Amino acid sequence: MALDFVAGCMGGAAGVLVGHPFDTVKVRLQVQSVDKPLYRGTYHCFQSIVRQESMLGLYKGIGSPMMGLTFINAIVFGVQGNAMRMLAADTPLHQFLAGAAAGLIQCVICCPMELAKTRMQMQGTGEKCASRKMYRNSLDCLIRIHRKEGVRGINRGMVTTVIRETPGFGVYFLTYDTLTRALGCDADDGYIIPKLLLAGGMSGMASWISTYPVDVIKSRLQADGVGGANRYDGIVDCVRQSWRREGWRTFTRGLTSTLLRAFPVNATTFATVTLFLMYMREDADGVKDCEAMQPNLQHSSL
């Protein structure tokens with residue numbers, strides 16, 4: 001269990017560092033005004049943030065996912081591992097169910113963490129040196145939201161987070177299990193690293209595609225009220241307004257940057273975790289096959 005925890009932290013941290021710039025672009029594209037859009041697309045958004053806010057602008061809000069990483073990994077590994085032991089047989093259905101259970105439970109930490117991340121990413125949009133910062137850091141953001149709105153405020157977007165994470169984690173673990181079995185990953189395989197990178201990256205992309213429209217609504221609800229009055233009364237109202245004003249395309253806004261992020265993030269995370277566990281456990285219990293490591297791996301939703 002201790003090795004799982006350490007490996008998850010290492011893989012998760014690597015994934016956050018690789019993917020956070022893409023996540024910042026995704027959030028900016030998801031919540032920008034349709035009437036006065038600041039960005040024409042993914043590349044233009046990247047270019048604009050770097051030019052107007054410097055490279056550091058791409059890493060706004062990174063403290064929140066880093067801060068919550070340890071707790072999320074502990075929850076995911078514990079729930080997913082115990083669920084697989086309770087289900088006994090290692091089948092595709094059980095992989096999905098165990099992953100879904102892990103996704104559901106970790107929402108308790110994930111939702112407030114993503115709320116802080118979203119608010120920090122939206123702060124100082126288009127400004128290289130923000131004249132006035134509402135939040136000093138992610139922790140200060142959560143404290144201020146709690147003081148103003150209470151527990152309900154820091155859990156804004158919880159329902160949409162649950163709707164996204166529960167099936168998303170299920171698809172994630174199921175896809176990875178299927179791909180590692182198909183690719184035949186083995187510790188002695190000279191191509192194990194490319195195989196792990198491919199399996200992890202494709203699993204991340206599949207997971208995001210399966211739940212992306214819900215993520216758009218979650219981002220809009222969590223960013224609602226920043227710098228002005230609230231626009232949405234709830235999930236249904238947000239879906240209705242978004243559909244009426246922008247059509248079906250609103251639910252794919254930012255998808256390109258999300259998929260560009262999903263592949264390297266999850267490829268890095270899975271390869272780091274799997275290789276660490278494989279070589280640390282090899283002497284202890286003779287584990288050779290990366291499929292045996294699979295139940296202890298994580299889904300990176302940040």
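These numbers come from a predicted model, not from an experiment.
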* Asked: Heavy atoms, side chains only, cut-off 4.5 Å: are Met113 and Ile72 in contact?
  -> yes
* **Polar side chain donor-acceptor pair, Arg28 to Tyr39, under 3.5 angstrom** => yes
* **Short side-chain to backbone donor-acceptor contact, Thr252 and Arg249, under 3.5 Å** => yes
* Structure fact -> In this structure, CE of Met202 is separated from CG of Leu197 (nearest 0.5 Å) by 13.0 Å
* Donor-acceptor contact below 3.5 Å, side chain Ser48 vs main chain Cys45 -> no
* Asked: Would Val216 end up clustered with Trp248 when hydrophobic side chains under 4.5 Å apart are linked, directly or stepwise?
  -> no
* Are Asp215 and Gln30 close enough that some pair of their side-chain heavy atoms sits under 4.5 Å apart? -> yes
* Among Gln123, Glu53, Gln121, whose side chain to side chain donor-acceptor pair (under 3.5 Å) with Lys60 holds? -> Glu53
* Structure fact -> Heavy atoms of Gly247 and Thr250 approach each other most closely as O-CG2, 3.0 Å
* Asked: Is a side-chain donor or acceptor of Thr160 paired with a backbone partner of Gly157 at a separation under 3.5 angstrom?
  -> yes
* For Asp140, does its backbone N or O pair with a side-chain atom of Asn137 as donor and acceptor, under 3.5 Å? -> yes
* Same hydrophobic cluster for Ile154 and Met158, using side-chain heavy-atom links shorter than 4.5 Å among ILVMFWY? -> no
* Answer yes when Arg181 and Asp177 have at least one side-chain N-carboxylate O distance shorter than 4.0 Å, and no when they do not. => yes
* Asked: Counting N and O atoms only, with roles assigned by atom type, does the side chain of Arg253 sit under 3.5 Å from a partner on the main chain of Gln32, one being a donor and the other an acceptor?
  -> yes
* Sub-4.5 Å side-chain heavy-atom contact between Trp208 and Leu255 -> no
* Would you say the side-chain atoms of Tyr212 pair up with the backbone N or O of Gly254, donor to acceptor, closer than 3.5 Å? -> yes
* Do Met122 and Leu221 belong to the same hydrophobic cluster, where Ile, Leu, Val, Met, Phe, Trp and Tyr are linked whenever their side-chain heavy atoms lie under 4.5 Å apart, directly or via other members? -> no
* Ignoring hydrogens and angles, tell me if any N or O in the side chain of Glu165 forms a donor-acceptor pair with the backbone of Val162 under 3.5 Å. => no
* To do: Ignoring hydrogens and angles, tell me if any N or O in the side chain of Thr175 forms a donor-acceptor pair with the backbone of Ser203 under 3.5 Å.
  => no
* Could you tell me whether the side chain of Val265 reaches within less than 4.5 Å of the side chain of Val16, counting heavy atoms only? => no
* Please check if Leu174 and Leu104 belong to a single hydrophobic cluster, counting links between Ile, Leu, Val, Met, Phe, Trp and Tyr side chain heavy atoms closer than 4.5 Å. => no
* Out of curiosity, Gln47 CD to Arg40 CZ, how far, rounded to the nearest 0.5 Å? -> 7.5 Å
* Determine yes or no for a side-chain-to-main-chain donor-acceptor pair under 3.5 angstrom, with Lys195 supplying the side chain and Leu183 the backbone. => yes
* Asked: Quick one: do Glu114 and Arg156 make a salt bridge, cutoff under 4.0 Å?
  -> no
* Main-chain N/O of Gly168 paired to Ser207 side chain as donor or acceptor, under 3.5 Å -> yes
* Asked: What about the rings of Phe96 and Phe169, do their centers lie closer together than 6.0 Å?
  -> no
* Does some side-chain heavy atom of His20 sit less than 4.5 Å from a side-chain heavy atom of Leu58? -> no
* If you group Ile, Leu, Val, Met, Phe, Trp and Tyr by side-chain heavy-atom gaps below 4.5 Å, do Leu115 and Val151 land in one group? -> no
* Asked: Should Arg119 and Ser138 be marked as a side-chain hydrogen bond (donor to acceptor under 3.5 Å, both in side chains) after you check the CA-CA gap, both sets of side-chain angles, and the distance that decides it?
  -> CA-CA 9 Å; Arg119 295 291 178 90; Ser138 298; over 6 Å; no
* To do: Report the C-alpha distance between Glu246 and Arg240 in whole Å, list the side-chain angles of each, state the deciding distance to 0.1 Å, and finish with yes or no for salt bridge (Lys or Arg N to Asp or Glu O under 4.0 Å).
  => CA-CA 10 Å; Glu246 305 168 56; Arg240 184 186 300 114; over 6 Å; no
* More than 12 heavy atoms from other groups under 6.0 Å of CD1 on Ile193 -> no
* Asked: Are the aromatic ring centres of Tyr172 and Phe270 under 6.0 angstrom apart?
  -> yes
* To do: Report the C-alpha separation of Lys117 and Asp23 in whole Å, then their side-chain angles, then the decisive distance to 0.1 Å, and conclude whether the salt bridge (Lys or Arg N to Asp or Glu O under 4.0 Å) test is met.
  => CA-CA 10 Å; Lys117 174 183 68 67; Asp23 188 70; 2.7 Å; yes
* Leu196 and Tyr176, any side-chain heavy atoms less than 4.5 Å apart -> yes
